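Note that this is a predicted model, so its numbers are computed, not measured.
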Amino acid sequence: MLTGKQKRFLRSKAHHLNPIFQVGKGGVNENMMKQISEALEARELLKVSVLQNCDEERGTVAEKLAEGCGAELVQVIGNTIVLYKESKDNKEIVLP
């Protein structure tokens with residue numbers, strides 16, 4: 001689990017990032033989780049955008065993604081979800 005201080009740190013790091021995934025009408029599926037897991041391994045921190053036509057609640061989508069990818073949910077702000085997962089091979093972010 002992340003502490004409040006670590007979440008604040010990650011939020012500041014994520015601020016300038018653009019969402020690289022979008023969850024739309026289809027919701028969350030296996031293929032998307034696989035791609036997000038791979039992206040998390042490469043980047044550690046990323047944003048996912050929830051589109052207007054998504055049938056599920058943002059919070060539900062965020063929890064499913066975090067669980068499915070084994071990632072930490074840093075923040076849900078507006079229609080954007082911020083996820084963090086420590087990388088095995090490309091560790092760059094050092095948490096406070």
Side-chain angles (χ1 to χ4, degrees):
M1 280 304 290
L2 295 171
T3 65
K5 186 177 182 181
Q6 290 170 330
K7 283 187 179 181
R8 263 197 315 280
F9 172 77
L10 290 170
R11 282 201 299 266
S12 70
K13 282 261 195 223
H15 180 73
H16 66 279
L17 297 177
N18 291 320
I20 54 172
F21 289 99
Q22 295 181 324
V23 180
K25 202 162 181 62
V28 180
N29 57 39
E30 285 298 314
N31 186 34
M32 180 182 288
M33 291 224 210
K34 185 171 170 288
Q35 289 180 327
I36 291 176
S37 290
E38 288 168 6
L40 278 166
E41 176 59 37
R43 301 171 182 231
E44 294 188 300
L45 188 67
L46 58 82
K47 284 183 177 177
V48 180
S49 176
V50 181
L51 301 177
Q52 296 292 324
N53 66 354
C54 184
D55 300 329
E56 300 178 62
E57 286 289 313
R58 295 185 311 254
T60 312
V61 171
E63 285 171 21
K64 278 187 182 176
L65 288 175
E67 255 180 58
C69 301
E72 292 284 348
L73 179 59
V74 178
Q75 180 181 38
V76 179
I77 184 164
N79 288 332
T80 307
I81 300 165
V82 180
L83 295 172
Y84 168 78
K85 184 178 181 185
E86 192 175 305
S87 172
K88 292 178 185 70
D89 305 324
N90 310 318
K91 182 150 177 52
E92 288 177 15
I93 298 175
V94 180
L95 294 175

Student: Given side chains that start at C-beta, do those of M1 and E72 come closer than 4.5 Å, heavy atoms only?
Tutor: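 SC-SC contact between M1 and E72 confirmed.
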
Student: Under a 4.5 Å cut-off applied to non-hydrogen side-chain atoms, are T80 and V50 in contact?
Tutor: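 Not in contact.
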
Student: Does R43 come within less than 4.0 Å of E92, counting only side-chain N to carboxylate O?
Tutor: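 Here R43 does not pair with E92 in a salt bridge, since their nearest N and O are not under 4.0 Å apart.
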
Student: Can you tell me if S87 and E41 form a side-chain donor-acceptor pair at under 3.5 Å?
Tutor: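 Their side chains do contain a donor-acceptor pair, which is all the 3.5 Å distance test asks for.
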
Student: Quick check on I77: does its CD1 atom have over 12 non-hydrogen neighbours (other residues, nucleotides or ligands) under 6.0 Å away?
Tutor: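 Not more than 12 within 6.0 Å, no.
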
Student: Considering only heavy atoms from C-beta outward, does the side chain of E86 approach that of E44 to under 4.5 Å?
Tutor: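 E86 vs E44: side chains touch.
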
Student: Looking at side-chain heavy atoms only, is the closest gap between K85 and L46 below 4.5 Å?
Tutor: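 They are not in side-chain contact.
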
Student: Is it the case that atom NZ in K5 sees more than 12 heavy atoms from other parts of the structure closer than 6.0 Å?
Tutor: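 Not buried by this count: 12 neighbours or fewer within 6.0 Å.
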
Student: Within a strict 4.5 Å, meaning less than it, do heavy atoms of the K25 and D55 side chains meet?
Tutor: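 A side-chain contact exists here, since the closest heavy-atom pair is under 4.5 Å.
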
Student: State the SG-CD distance between C69 and E38, to the nearest 0.5 angstrom.
Tutor: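 The distance works out to 10.0 Å.
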
Student: Do other residues, nucleotides or ligands put more than 12 heavy atoms under 6.0 Å from E56 CD?
Tutor: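 Atom CD in E56 is packed in, count exceeds 12.
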
Student: Are V23 and I36 in one and the same hydrophobic cluster, where Ile, Leu, Val, Met, Phe, Trp and Tyr link if side-chain heavy atoms are under 4.5 Å apart?
Tutor: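 V23 clusters together with I36.
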
Student: I need the M32 CE to K64 NZ distance, nearest 0.5 Å.
Tutor: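 Atom-to-atom, M32:CE and K64:NZ are 11.0 Å apart.
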
Student: Tell me the closest heavy-atom pair linking V76 and A62, and the distance in Å.
Tutor: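 That would be CG2-CB, 3.7 Å.
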
Student: So, do F9 and I93 sit near enough that their side-chain heavy atoms are less than 4.5 Å apart?
Tutor: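 Yes, side chains in contact.
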
Student: Hey, is K34 close enough to E30 for a salt bridge, meaning N to O under 4.0 Å?
Tutor: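 Here K34 does not pair with E30 in a salt bridge, since their nearest N and O are not under 4.0 Å apart.
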
Student: Is a side-chain N or O of S37 found less than 3.5 angstrom from the main chain of M33, in a donor-acceptor match?
Tutor: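 The answer is yes, because a donor-acceptor pair under 3.5 Å joins these two groups.
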
Student: Which atom names give the shortest non-hydrogen contact between K13 and H16, and what distance separates them?
Tutor: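 Taking K13 first and H16 second, the nearest heavy atoms are O-CE1, 2.9 Å.
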
Student: Step by step, would you call Y84 with L73 a side-chain contact (heavy atoms from CB on, under 4.5 Å)?
Tutor: CA-CA 7 Å; Y84 168 78; L73 179 59; over 6 Å; no

Student: Roughly how far, to the nearest 0.5 Å, is the CD1 atom of I20 from the CD atom of Q35?
Tutor: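 Reported value, rounded in 0.5 Å steps: 10.0 Å.
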
Student: Which of these, R8, K47, R11, sits in a side-chain contact (heavy atoms from CB on, under 4.5 Å) with Q75?
Tutor: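 When R8, K47, R11 are each tested with Q75, the side-chain contact (heavy atoms from CB on, under 4.5 Å) holds only for R11.
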
Student: Does some side-chain heavy atom of L40 sit less than 4.5 Å from a side-chain heavy atom of L83?
Tutor: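 L83 vs L40: side chains touch.
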
Student: Can you check whether L10 reaches L2 side chain to side chain, under 4.5 Å on heavy atoms?
Tutor: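 Result yes, sub-4.5 Å side-chain heavy-atom pair found.
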
Student: Could you check V48 against Q22 for side-chain contact (heavy atoms from CB on, under 4.5 Å), going step by step and ending with a plain yes or no?
Tutor: CA-CA 6 Å; V48 180; Q22 295 181 324; over 6 Å; no

Student: Decide whether F21 and V82 are clustered together by the hydrophobic rule: side chain heavy atoms of Ile, Leu, Val, Met, Phe, Trp, Tyr closer than 4.5 Å, transitively.
Tutor: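 Result: no, two separate clusters.
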
